[in-house]
Each structure stands twice: as C-alpha cells, then as structure tokens.
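Since the structure is predicted, the reported quantities are computational estimates derived from the model, not experimental observations. In the text below, chain A, chain B and the rest are named by the order of the sequence lines, each starting its count at 1.
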Number of protein chains: 2
Amino acid sequence: MSATAMEVLAEPSRRRILDLLRGGERSVGDLVGHMRLTQPAVSKHLRVLRDAGLVDVTADAQRRLYRIRPEPLAELDAWLEPYRKLWNESLDRLERHLDKRKPR
Amino acid sequence: MSATAMEVLAEPSRRRILDLLRGGERSVGDLVGHMRLTQPAVSKHLRVLRDAGLVDVTADAQRRLYRIRPEPLAELDAWLEPYRKLWNESLDRLERHLDKRKPR
DNA sequence: TTCTTACATGCCTTGACAAGTATATAGCCG
DNA sequence: CGGCTATATACTTGTCAAGGCATGTAAGAA
C-alpha cells in the first residue's frame, strides 16, 4: 500500500482492470486479451493495484490469478459520504422547483 | 469539463479544497490561507475543479467566491455502486466467521 | 489617474508516470 | 536437461502535470 485508492484509480486502465475482475478472478494473459496494452503494461498496473490493496493474487502453476479486494474502496466511499447529502439537497431543491412549476 | 471526477480528485490539494468548501463558499485568498500553497497554485487547482464542474464561482468585487457543485460526484458514486455489494459480501463473510468463533 | 487589492495566466523547471522493448524468472512438458 | 509458456522486472523514452516566480487584469480607494 502506498497511494490512496483515488490516486490509483485515476488511471483509466486500472479502472478497466477492476471492472473486468468484477466478473471473477482472471489471469494476467486473460486481462491482456481484453485490454489493448502489452503484457508488461498490464503487469505493472496490477502491481500498483496490489500495492494499494485493491487486488489479490494467487499462483496457479505459471499463471497468476488476480481478484478484487474491495475493502480500500470503502475508504473512498467514506470520503464521499459527507458530499452525498450535499447533492441530495441539490436534488431536493430541483424537485421543489419542479413541483412549483407543475404542481400535483 | 474535461477530466473525470476521479482524475481531478486524485490530487490531494484538490480534495483538500473541496473539503474546505464543504463549510460554505470561500474566496481564493481564504483558501490560500489554509493551504501551504501559493495563490497561483490554488487558482490553478480551482480552474481544474471548475472545468470538471466540481465548483462554481461568483464575483464579489475583486474577489471570487467558490462553492461546491456536488453533481459530478454522483458520477463517481455511480461507478462505485457495483463494488459496494462486493465489500458488503466481504463484511458478511467476516461476520459469519466471527459468529462461528464466538456464537451468540 | 494612480495605487492597491484580489485573482488569473504565462513561462519554466522538475518530477512522476505510462508504455514499449528487451530480459529475467519460474513452472510445465517431452 | 532443453524448450515453451506465463508473468515479472529493468531500462529507456515521451508526455504531462504541479508548483514557483513574474506578470497581466479588473475592481475599489485615494
């Protein structure tokens, strides 16, 4: 772990990898097959994700199977929390506004 | 708008600015007073936040008052959504595990 | 108008990072 | 062992962003 989940996930390719892993664990080669990037590039992204605790690996012969570890995302969710009520208020205001224009 | 909320908020100083603005609108000088950065640096971050639709400005004489526009954060929240159930499952598993070790 | 305040923008340097190519490492198979 | 497969790491290059300093600009004050 070295960077925040937010910093790590600023990279679109890394978000892509996580999205792919949402369907279950995958090998590196499998991921490469879905990602117009070379194998070393994907391996490096996986390294960053691993250091951030966002994925986990196990060895299967020569292959490495990666899977999501969602816990760090909870931290991101927590950061977002205080803002959630802010945009709920915005929506409320919009709603009240629409109610005024088109009552009932 | 040019970058995703995630990319924009990868920068710690920009997260800091948003956190400060959660207390209500502030002038640039006010923000600078809270942020070991020079005024130009803060202004540039504000520019990026503005381009991403994350803040809004109004002029008050020579001052500019910035406030949060939380809508783009909803997009981030939406990305997070499918993962939320993943870590809830993790927590469930942990819970069941603890129940086993210390039942009742 | 001139000065001052509050902020934005331009330019420059520096550091970080992403991606490619080449190479190392480790496990399987014959 | 020798060769093949799957992945990781080293090295290099190009790009880009953050931050500082200097300067531009607009609005009040004198």
Side-chain angles (χ1 to χ4, degrees), chain A residues 1-21 23-69 72 76, chain B residues 1-21 23-69 72 76:
Chain A
M1 298 217 201
S2 63
T4 71
M6 191 92 78
E7 282 153 5
V8 168
L9 296 174
E11 231 292 324
S13 298
R14 288 197 282 262
R15 283 201 297 274
R16 186 86 210 296
I17 289 177
L18 270 210
D19 284 341
L20 287 169
L21 291 181
E25 63 182 12
R26 286 175 184 269
S27 69
V28 177
D30 186 357
L31 290 170
V32 171
H34 289 267
M35 298 205 45
R36 264 187 290 157
L37 280 182
T38 61
Q39 172 265 314
V42 172
S43 279
K44 283 179 222 166
H45 284 306
L46 286 168
R47 182 71 145 102
V48 174
L49 288 167
R50 203 156 89 83
D51 288 347
L54 281 162
V55 301
D56 204 5
V57 215
T58 48
D60 169 41
Q62 323 111 336
R63 293 188 311 162
R64 312 286 146 166
L65 298 180
Y66 283 84
R67 78 194 55 74
I68 291 185
R69 257 182 30 105
L76 205 166
Chain B
M1 300 217 199
S2 60
T4 72
M6 190 93 75
E7 281 153 6
V8 168
L9 296 174
E11 231 293 324
S13 298
R14 288 197 283 261
R15 284 199 297 274
R16 185 86 210 295
I17 290 177
L18 271 209
D19 285 341
L20 286 168
L21 291 181
E25 65 181 12
R26 287 175 183 269
S27 69
V28 178
D30 187 356
L31 289 171
V32 171
H34 289 267
M35 299 207 44
R36 263 187 290 157
L37 280 182
T38 61
Q39 173 265 315
V42 172
S43 280
K44 283 177 216 168
H45 283 306
L46 286 168
R47 182 71 144 103
V48 175
L49 287 167
R50 204 156 89 82
D51 288 348
L54 280 161
V55 301
D56 205 7
V57 215
T58 48
D60 169 41
Q62 323 113 334
R63 293 188 311 161
R64 311 285 147 166
L65 299 179
Y66 283 83
R67 78 195 55 76
I68 292 186
R69 259 182 28 106
L76 205 165

Show me the side-chain donor-acceptor pairs of residues 25-34 of chain B shorter than 3.5 Å, one per line, residues at least two apart or across chains.
unit_1	atom_1	unit_2	atom_2	d
B/Glu25	OE1	B/Arg67	NE	3.1
B/Glu25	OE1	B/Arg67	NH2	2.6
B/Arg26	NE	B/Leu20	O	3.2
B/Arg26	NH1	B/Asp30	OD1	3.1
B/Arg26	NH1	B/Asp30	OD2	3.1
B/Ser27	OG	B/Asp30	N	3.2
B/Asp30	OD1	B/His34	NE2	3.4

Original post:
Once you build an axis from the first five pairs and another from the last five of the helix from C/dT1-D/dA30 to C/dG30-D/dC1, how far apart in angle are they, to 10 degrees?
Top reply: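 Axis angle across the helix from C/dT1-D/dA30 to C/dG30-D/dC1, nearest 10°: 10°.
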What is the distance, rounded to the nearest whole Å, between atom [atom1] of [X] and atom [atom2] of [N]?
X: A/Leu46; N: D/dA8; atom1: CG; atom2: P; value: 7 Å
X: B/Leu9; N: D/dA18; atom1: CG; atom2: P; value: 12 Å
X: A/Ile17; N: C/dA19; atom1: CD1; atom2: C1'; value: 13 Å
X: B/Arg50; N: C/dC7; atom1: CZ; atom2: P; value: 14 Å
X: A/Glu7; N: C/dA18; atom1: CD; atom2: P; value: 11 Å
X: A/Arg16; N: C/dA19; atom1: CZ; atom2: P; value: 13 Å
X: A/Arg26; N: D/dA6; atom1: CZ; atom2: P; value: 16 Å

**OP:** Rounded to the nearest 0.5 Å, what's the gap from CZ on B/Arg47 to CZ on B/Arg50? Could you check?
**Re:**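 The CZ atom of B/Arg47 sits 6.0 Å away from the CZ atom of B/Arg50.
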Original post:
Between atom CG of A/Leu21 and atom CZ of A/Arg16, what is the distance when rounded to the nearest 0.5 Å?
Top reply: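 Reported to 0.5 Å precision, the distance equals 11.0 Å.
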Original post:
If you pin B/Leu65 and A/Val48 to their nearest nucleotides in DNA chain C, which one's is more 5'?
Top reply: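 Nearest-nucleotide comparison on DNA chain C picks B/Leu65.
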Subject >> Which residues share a salt bridge (Lys or Arg N to Asp or Glu O under 4.0 Å) with A/Arg14, sequence neighbours left out >> reply: none
Original post:
With sequence neighbours left out, what residues match B/Asp56 under salt bridge (Lys or Arg N to Asp or Glu O under 4.0 Å)?
Top reply: none
Original post:
Between A/Ala5 and A/Pro72, what is the shortest heavy-atom contact and its length?
Top reply: CB-O, 3.9 Å
Original post:
B/Val48 pairs by side-chain contact (heavy atoms from CB on, under 4.5 Å) with which of B/Leu54, B/Ile17, B/Val8?
Top reply: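 When B/Leu54, B/Ile17, B/Val8 are each tested with B/Val48, the side-chain contact (heavy atoms from CB on, under 4.5 Å) holds only for B/Val8.
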Subject >> Which nucleotide in C/dA6, D/dA18, D/dA8 has an atom nearest any side-chain atom of A/Tyr66 >> reply: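 The closest nucleotide is D/dA8.
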Original post:
C/dT9 phosphate, OP1 or OP2: any side-chain N/O from B/Arg47 under 4.0 angstrom?
Top reply: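 Yes, because at least one side-chain N or O of B/Arg47 sits under 4.0 Å from OP1 or OP2 of C/dT9.
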Original post:
Once each nucleotide of nucleotides 19-30 of chain D is scored for protein heavy atoms under 4.0 Å, what B/S/- sequence comes out, 5' to 3'?
Top reply: BBBB----BS--
Subject >> Counterpart residues, side chain to side chain contact (heavy atoms under 4.5 Å, CB included), relative to B/Arg15 (two or more places apart) >> reply: A/Thr4, A/Met6, A/Glu7, A/Trp79, B/Leu9, B/Pro12
Original post:
For A/Leu18 and A/Val55, what are the C-alpha separation, side-chain angles and deciding distance, and is it a side chain to side chain contact (heavy atoms under 4.5 Å, CB included)?
Top reply: CA-CA 8 Å; A/Leu18 270 210; A/Val55 301; 3.8 Å; yes
